[in-house]
Amino acid sequence: MSASPRCDRAFFATDAERLARRLLGQRLVRLVDGERVSGIIVETEAYLGVHDLASHAARGRRTPRNEAMYGDAGTAYVYFTYGVHHCFNLVCGERGEPAAVLVRALDVDAGESAMRRMLPEARRDSTPTRDLCRGPGRLCRVLAIDRTLNFVDMTSSDVAWIEQVRTRVLSRGRIGVSARIGVDYAKEWRMKPLRFFDRASDAVSGSRRLNS
DNA sequence: CGGCCGATCAGCT
DNA sequence: GCTGATCGGCCGA
């Protein structure tokens, strides 16, 4: 666990599809009660902007809930959904342009026992390691990510940040691509190939490895 | 102010 | 594979 540099503003200040690819293989770090809990990002989805009908900011929608999407690149956008789960996004692009990348799965890197403590006792010991951060709701649960992280600047926060483990994007052949999950309502945007995952990881959510 | 439903997950069939 | 959980945001009246 050698220290990698924290990702700076420039790392995030690009379009959502590029950031979604660039994030694969980087480390999401969270400090919870002073303990370092982290995972390597292995699955992401890009949400492009006001024209993307799958985005919370589709058609320029701007409400208190999605306000963070309009912030600076590197801002965390955390929302609560289905009455149960949080989802964690990284804002990208220009300030005022609502684009973001949803982080959907991690390979457990450090703090596994702290992650397990976030689970109900019935599943604390029986859950396979590869499932701990498999899925956007699950990874938020075990990393203690909730709306207190909404609007947090991931380039300067001392409770959550991204470490740049690699400077090169994963090779094209190693990145799987598919339609985004759970956006059946998004008309012609439903099938756009904006989900990206590391083929070498077994922690990709939903066991959905469709398409290329 | 009421009703609908979601960038999901777990548990059951 | 299906479905209920669970609740806050959003929209229409």
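This is a predicted model, so every value here is computed, not measured. Each chain gets a letter, A, B and so on, in the order the sequences are listed, and its residues count up from 1.
In the hydrophobic clustering, A:Trp161 connects to A:Val29, A:Leu31, either directly or through intervening members, whenever side-chain heavy atoms lie under 4.5 Å apart.
Atom CD of A:Glu17 is separated from atom P of B:dA7 by 20 Å (rounded to the nearest Å). One atom, CZ of A:Arg62, and another, P of C:dC11, lie 15 Å apart when rounded to the nearest Å.
Across all strands, A:Arg65 comes closer than 4.0 Å only to sugar-phosphate atoms, never to a base (heavy-atom distances).
Both A:Thr81 and A:Arg61 lie close to DNA chain C; mapped to their nearest nucleotides by heavy-atom distance, the more 5′-ward contact belongs to A:Thr81. Looking at which nucleotide of DNA chain C each of A:Val84 and A:Arg147 is closest to, the 5′-most match is held by A:Val84.
For the salt bridge (charged side-chain N to carboxylate O under 4.0 Å, His left out) with A:Asp52, the lone residue among A:Lys192, A:Arg180, A:Arg190 that qualifies is A:Arg180.
Counting distance only, with no hydrogens placed and no angle test, the side-chain atoms of A:Tyr82 and the base atoms of C:dA5 include no donor-acceptor pair under 3.5 Å.
Spacing between B:dC5 and C:dT3 at atom C1', rounded to whole Å, works out to 15 Å.
By the stacking rule of 5.5 Å between ring centres and under 30° between planes, A:Phe80 does not stack on the base of C:dG8.
Using modelled atom types, one side-chain atom of A:Arg22 and one backbone atom of A:Phe11 make a donor-acceptor pair closer than 3.5 Å.
Among pairs with a residue in residues 71-88 of chain A, those fulfilling side-chain hydrogen bond (donor to acceptor under 3.5 Å, both in side chains) read A:His56-A:Tyr77, A:Asp72-A:Arg95, at least two apart in sequence or across chains.
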